[in-house]
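What follows is a set of notes on a single structure, which appears directly below.
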Amino acid sequence: MKDDTRSRALQVLQSVFGYPVFRGEQAEIIDLIAQGGDALVLMPTGGGKSLCYQIPSLIRDGCGVVISPLIALMQDQVDALAELGVRAAFLNSTQSFDESMRTERALRMGELDLLYVAPERLLTPRCLELLEASNIALFAIDEAHCVAQWGHDFRPEYIRLSVLHERFPGVPRIALTATADFQTRAEIAERLQLGNARQFVSSFDRPNIRYQIVEKENVRRQLLDFIQSEHAGDAGIVYCLSRKKVEETAEFLNESGVPALPYHAGMEHAVRSRHQSRFLREDGIVMVATIAFGMGIDKPDVRFVAHLDLPKSLEGYYQETGRAGRDGTAANAWMAYGLQDVVQQRRMIDESDADDNFKRVQSAKLDAMLGLCETLTCRRVRLLDYFGQQSAPCGNCDTCMSPPSAFDATEAVQKLLSTIYRVGQRFGAGHVLDVLRGSDSEKIRQWRHQDLSTFGIGSDKAEAEWRAILRQVIAFGLVDIDHENYGALKLSAQARAVLKGEQQIMLRRYLKPVKSKRTSVKPKGFTETDLSTEQQSIFERLRWWRVETARTHNVPAYVIFHDASLREIAKAMPVSLDALRQVSGVGEKKLESYGEQIIALVNDVSAAA
């Protein structure tokens, strides 16, 4: 029976989805679900999670029900499946009454392979009764980390999804996410009653993504330099912490010749939907957004993700950067980071209305995020270690490619800590650094701080260099920020050992930010397909054909074919349908729909060459 299930699954993979073989643990997961088992699956973005429930839905009797929080993306997901010949539909609040009734009737009649539904809709008595009256193949709980109260993107309605186990005990369930540490995995299993489910934890590594964190100076100009030097004409996502910063950054990029759109929860729903649609369906759009944007985005050719503000946790950072390079091609994760980021994030935690336990968890997550920013070693090693995965230096992050210089900062830190102490631990960073550097200001004269023994003892370093030292000192817990006293700097208990000379402090040496130069983002170990002049012409023609076809079908271009498939077609230069069938990503339905057009296009270009 097991061999028969795997054989059927492979046949569906090849004929429907057009892929020759399964990747990683896909085959094992699909086999388990197809035979009625439960699973909790952690797989990185772009790792093929959707196949783990789509294929069992196609080989099991009944309809697979996918619970997803992403109402705005359900139409595109259903359209993509329709292009493959899969009978898919959705139920959500965007539909009219008649549309909902047609979908409900199709489900009851057994005319659907997959149904997408938002958790709020699923939990209504009407929907639960509909499901009980229908033949359900499985339940797939996508973005399962939303169940974790201390995780990223928490959705309170997810906690109630334990009802599936209670009301449908015989239906297999699969919970999937790209981001979860050990604590979050345990919370998912407990809250969804998946304690007996088999857990599959794939590698968290995304080797095609290059991680780069730069010292924040003029952040918008730094962002523009990065885009113009490395990603001109590419699709990308820029994350900002505030709505105002989103609006201002998008306006700045547009004025600088980079097509950009803002996206945040304060915008009208229709405007957000229109911007999301443009980003998905057009090439070269940069979306500037708060973290309200991006979860579940299937756009495979996002070439970069940039952060202009420090994320709250490594879970958030990993998930957001994972939206780049879903097609496996080289991509960049770029972040600008400075002292104010540390101060702001600490303040947000301290001023939160949450209980002390929650604040401790959030502080620990922030400490891990700061550790990644300040590390002197490979960023990928640090990131993967957080998720419990051991690795070797990658050679494809900024600290590997240009190893930072460390220096013995013990004396400098002692000067800084002493100055904070001498001013009474009552002043913020700006004033402390003015005293340290011996600046002449009205505030210093007002408080007669020019008479302090530490006045001017740090005049040998520029303000930017001292800010870098202070940022690291705060990140490492030697200095606290008193937000109830206007952000005053205070010495922590750990500072005593440094002041007494009992502890050596090694810090990252400050390097003045320089303008980016155009560089290849091709990661180590990744080989892009080399196309001849003729093959490149075929590839470009195929992309134009895809744009027109997608416009006719009113779907995003990648729903027709990914760039990776077009490159393979261009390289193979197929002259028959059988030859085209061998290309990865070309299933039977797409062969039937587009095969003749593609063969004709290849022949036309070849004849003209």
Side-chain angles (χ1 to χ4, degrees), residues 45 49-50 53-54 57 63-83 86-104 106-107 112-128 130-131 139-147 151-161 163-164 174-179 192 237 243 261-281 287 289-299 319-320 323 326 554-556 558-559:
T45 302
K49 290 190 296 295
S50 58
Y53 58 80
Q54 289 171 345
S57 296
C63 175
V65 177
V66 184
I67 298 101
S68 169
L70 311 166
I71 290 176
L73 294 174
M74 287 184 185
Q75 182 68 63
D76 286 337
Q77 291 165 333
V78 168
D79 287 342
L81 288 166
E83 286 289 327
V86 176
R87 302 175 302 171
F90 60 82
L91 279 174
N92 64 41
S93 56
T94 67
Q95 293 171 301
S96 68
F97 177 77
D98 288 343
E99 289 171 332
S100 294
M101 289 300 293
R102 282 197 295 272
T103 299
E104 291 181 9
L107 178 63
L112 293 178
D113 300 312
L114 279 157
L115 175 69
Y116 287 78
V117 59
E120 301 89 344
R121 180 65 168 261
L122 179 133
L123 292 167
T124 63
R126 177 184 176 88
C127 190
L128 289 171
L130 169 68
L131 297 178
F139 288 108
I141 304 166
D142 204 6
E143 309 292 353
H145 62 275
C146 291
V147 79
H152 189 60
D153 293 322
F154 172 60
R155 300 289 201 280
E157 60 273 8
Y158 260 64
I159 294 176
R160 296 173 55 203
L161 292 178
V163 70
L164 298 177
I174 175 172
L176 310 101
T177 181
T179 315
L192 296 181
I237 303 174
R243 298 172 182 180
L261 297 170
Y263 187 105
H264 58 72
M267 300 168 63
E268 291 183 8
H269 175 74
V271 176
R272 289 205 314 271
S273 296
R274 185 165 65 248
H275 286 189
Q276 179 170 282
S277 179
R278 281 195 61 193
F279 176 72
L280 292 173
R281 294 163 190 255
M287 185 68 89
T290 58
I291 59 170
F293 174 81
M295 186 167 57
I297 287 293
D298 289 329
K299 189 175 176 68
Q319 189 175 64
E320 288 148 21
R323 289 155 192 164
R326 289 173 59 98
N554 193 31
V555 296
Y558 63 82
V559 166

Within-4.5 Å side-chain heavy-atom neighbours: Ile141 and Leu192: yes
Residue pair Leu164 / Ile67, side-chain heavy-atom distance below 4.5 Å: yes
Verdict with reasoning, Leu114 to Gln54, per side chain to side chain contact (heavy atoms under 4.5 Å, CB included): CA-CA 7 Å; Leu114 279 157; Gln54 289 171 345; 3.8 Å; yes
Candidate pair Val271 and Tyr263, rule side chain to side chain contact (heavy atoms under 4.5 Å, CB included), full reasoning: CA-CA 8 Å; Val271 176; Tyr263 187 105; over 6 Å; no
Note, Leu73 side chain near Tyr116 side chain (heavy atom, < 4.5 Å): no
Closest contact, heavy atoms only, Glu320 versus Ile291: OE2-CG2, 3.0 Å
Whether Thr124 side chain and Glu120 backbone form a donor-acceptor pair below 3.5 Å: no
Worked verdict on Arg155 versus Glu143 for side chain to side chain contact (heavy atoms under 4.5 Å, CB included): CA-CA 10 Å; Arg155 300 289 201 280; Glu143 309 292 353; over 6 Å; no
Residues Thr94 and Asn92: side-chain donor-acceptor under 3.5 angstrom: yes
Arg126/Glu104 ion pair, N-O < 4.0 Å: yes
Gap between atom CZ of Phe90 and atom CG of Leu115 - 0.5 Å precision: 10.0 Å
Interatomic spacing from CE in Met267 to OG1 in Thr290 - rounded to 0.5 Å: 9.5 Å
Rounded distance (nearest 0.5 Å) linking atom CG of Leu107 with atom CG of Leu130: 5.0 Å
Leu123 and Val163, any side-chain heavy atoms less than 4.5 Å apart: yes
Considering all heavy atoms, the nearest Ala265-Arg272 contact: O-NH1, 3.5 Å
Nearest-0.5 Å distance, CG of residue Leu91 to CG of residue Leu122: 9.5 Å
Positive for side-chain hydrogen bond (donor to acceptor under 3.5 Å, both in side chains) with Ser277, one of Arg281, His275, Arg274: Arg281
Heavy-atom closest pair, residues Met74 and Ser68: CE-O, 3.5 Å
Taking every non-hydrogen atom, the tightest pair across Pro69 and Tyr158: CD-OH, 3.0 Å
Spacing of NZ belonging to Lys299 relative to CD belonging to Gln276, to within rounding of 0.5 Å: 11.5 Å
Step-by-step side chain to side chain contact (heavy atoms under 4.5 Å, CB included) determination, Val66 to Phe139: CA-CA 6 Å; Val66 184; Phe139 288 108; over 6 Å; no
Rounded distance (nearest 0.5 Å) linking atom CD of Gln75 with atom OG of Ser273: 12.0 Å
Where Ala175 and Ala144 come nearest, the two heavy atoms and their spacing: CB-CB, 3.9 Å
Close side-chain approach of Ser100 to Arg121, heavy-atom, < 4.5 Å: yes
With sequence neighbours excluded, residues passing ring pair (Phe, Tyr, Trp, His ring centres under 6.0 Å) with Phe279: Phe293
Pairwise side-chain contact, Cys63 with Asp113, heavy-atom cut-off 4.5 Å (strictly under): no
Heavy-atom closest contact (Ser57 atom, Gly64 atom, distance): OG-CA, 3.3 Å
